[in-house]
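Have a look at the structure below, then the notes.
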Amino acid sequence: PQKGKVFLMESSQLIPENPSSEYLAEDISRFLDLKYDLRPLKDREGYGPESHQYKHAGDARHAFIDICDDEFEPVREVLVQQGKEASLWIKNYFLKSEDVVVSSPRRFVKLLDKWSVDPCRKE
C-alpha cells in the first residue's frame, strides 16, 4: 500500500457504464498493492424510494424529495455554489499533491466540472 497517500474518486466512477470507471478497479488494486483482481463493478439495482424498505407503507412518500422541484431552487443554488468551490479547490490544490491519486485523471476532472452545473436546469 501507498503510505500517506490518498486515493480519490468521484461517485460517478462507481457507475459501470461511465467511461471514468474503465480502469477504476485496476487502479485501486494497484494503489492498495493487492495480489488479486477486484471484481468488476456491477449495476446498482433500484434507485430512489423503490430501493428502500419501509416499516409502514406510507413512509416511502415522505422519505424522498424531488430536488428539481421549484421550491428547492434556493437550496440547489447553494449546493451548486459549494460544488463549484469544492471542485475548483480539488483541481487547483488537492490534485496537485503527489500524495493524491485518481483513476483516469482527465475523466475525473470532467466529472468535477459537473459539480458547478445545476443538474435540473435544461439549457
Side-chain angles (χ1 to χ4, degrees):
Q2 303 286 333
K3 295 185 191 251
K5 292 193 179 253
V6 174
F7 189 93
L8 183 65
M9 57 189 214
E10 205 270 358
S11 61
S12 299
Q13 290 181 288
L14 295 173
I15 301 170
E17 350 20 278
N18 192 315
S20 67
S21 72
E22 185 176 1
Y23 302 107
L24 183 65
E26 181 181 321
D27 291 341
I28 291 173
S29 184
R30 186 178 315 112
F31 178 79
L32 296 174
D33 196 25
L34 299 178
K35 305 297 182 219
Y36 55 89
D37 293 333
L38 294 174
R39 292 186 215 158
L41 293 171
K42 293 182 181 178
D43 283 326
R44 183 177 145 201
E45 292 183 27
Y47 293 90
E50 300 81 28
S51 66
H52 295 79
Q53 293 183 0
Y54 299 93
K55 292 181 182 179
H56 306 288
D59 290 348
R61 285 179 299 193
H62 304 293
F64 291 89
I65 64 166
D66 185 346
I67 194 68
C68 291
D69 285 348
D70 289 342
E71 68 181 297
F72 299 114
E73 186 169 354
V75 174
R76 284 197 320 272
E77 288 177 10
V78 171
L79 292 173
V80 170
Q81 182 60 36
Q82 290 177 343
K84 180 179 181 177
E85 291 171 12
S87 68
L88 288 172
W89 183 85
I90 292 169
K91 290 186 285 188
N92 294 334
Y93 298 101
F94 201 51
L95 291 181
K96 305 263 191 230
S97 170
E98 294 177 7
D99 294 329
V100 177
V101 178
V102 296
S103 180
S104 303
R106 283 191 211 122
R107 291 176 175 170
F108 179 83
V109 167
K110 285 185 180 182
L111 292 174
L112 290 180
D113 290 341
K114 292 180 180 181
W115 290 14
S116 62
V117 177
D118 183 341
C120 302
R121 290 215 174 130
K122 300 186 179 35
E123 295 182 32

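Computed over heavy atoms, backbone and side chain alike; hydrogens, waters and symmetry mates excluded.
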Checklist entry - Stepwise, does the side-chain contact (heavy atoms from CB on, under 4.5 Å) test hold for Asp113 with Lys91? => result CA-CA 9 Å; Asp113 290 341; Lys91 290 186 285 188; 2.4 Å; yes
Item to check | Worked check of side-chain contact (heavy atoms from CB on, under 4.5 Å) between Gln13 and Leu41 | outcome: CA-CA 10 Å; Gln13 290 181 288; Leu41 293 171; over 6 Å; no
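Atom CG of Asp70 has 12 or fewer heavy atoms from other residues, nucleotides or ligands within 6.0 Å. Atom CZ of Phe72 has more than 12 heavy atoms from other residues, nucleotides or ligands within 6.0 Å.
Linking Ile, Leu, Val, Met, Phe, Trp and Tyr whenever their side-chain heavy atoms come within less than 4.5 Å puts Val100 and Tyr93 in one cluster. Hydrophobic clustering (ILVMFWY, side-chain heavy atoms < 4.5 Å, transitive): Ile28 and Val6 are in distinct clusters. Taken together through direct or relayed side-chain contacts under 4.5 Å among Ile, Leu, Val, Met, Phe, Trp and Tyr, Leu111 and Val117 form parts of separate hydrophobic clusters. Clustering ILVMFWY residues whenever any of their side-chain heavy atoms sit less than 4.5 angstrom apart, transitively, puts Val102 in the very cluster that holds Trp89. By the rule that hydrophobic residues join a cluster once side-chain heavy atoms approach within less than 4.5 Å of another member, Val109 and Trp115 end up as members of one cluster.
Here the straight-line distance linking atom CG of Leu112 with atom OG of Ser87 works out to 6.0 Å at 0.5 Å rounding. Atom OG in Ser104 sits 12.5 Å away from atom CE in Met9 (nearest 0.5 Å). Rounded to the nearest 0.5 angstrom, Phe7 CZ and Leu24 CG are separated by 5.5 Å. To the nearest 0.5 Å, the span separating CD on Glu73 from CD1 on Ile67 amounts to 10.5 Å. Rounding to the nearest 0.5 angstrom, the gap separating the CD atom in Glu22 from the OG atom in Ser103 is 9.0 Å. Atom-to-atom distance recorded for Leu8:CG and Leu95:CG is 6.5 Å, nearest 0.5 angstrom.
Although no hydrogens or angles enter the test, the distance criterion places a donor-acceptor pair under 3.5 Å between the side chain of Asn18 and the main chain of Ser20. Of the possible polar contacts, one joining the Arg107 side chain to the Pro19 backbone as a donor-acceptor pair under 3.5 Å is found.
With sequence neighbours excluded, the residues forming a salt bridge (charged side-chain N to carboxylate O under 4.0 Å, His left out) with Glu26 are Arg30, listed by chain and number.
Looking at Arg106 and Lys110, their side chains never come closer than 4.5 Å, going by heavy atoms from C-beta outward.
Ile15 and Ser21 make their closest contact through O-OG, 3.2 Å (heavy atoms, listed as atom of the first residue, atom of the second, distance).
For the residue pair Gln81 and Glu85, a side-chain donor N or O sits within less than 3.5 Å of a side-chain acceptor on the partner.
Using a cutoff of 4.0 Å between basic side-chain nitrogens and carboxylate oxygens, Glu10 and Lys114 are not scored as salt-bridged. Between Lys35 and Asp33, at least one side-chain N (NZ, or NE/NH1/NH2) sits under 4.0 Å from a carboxylate O, which counts as a salt bridge.
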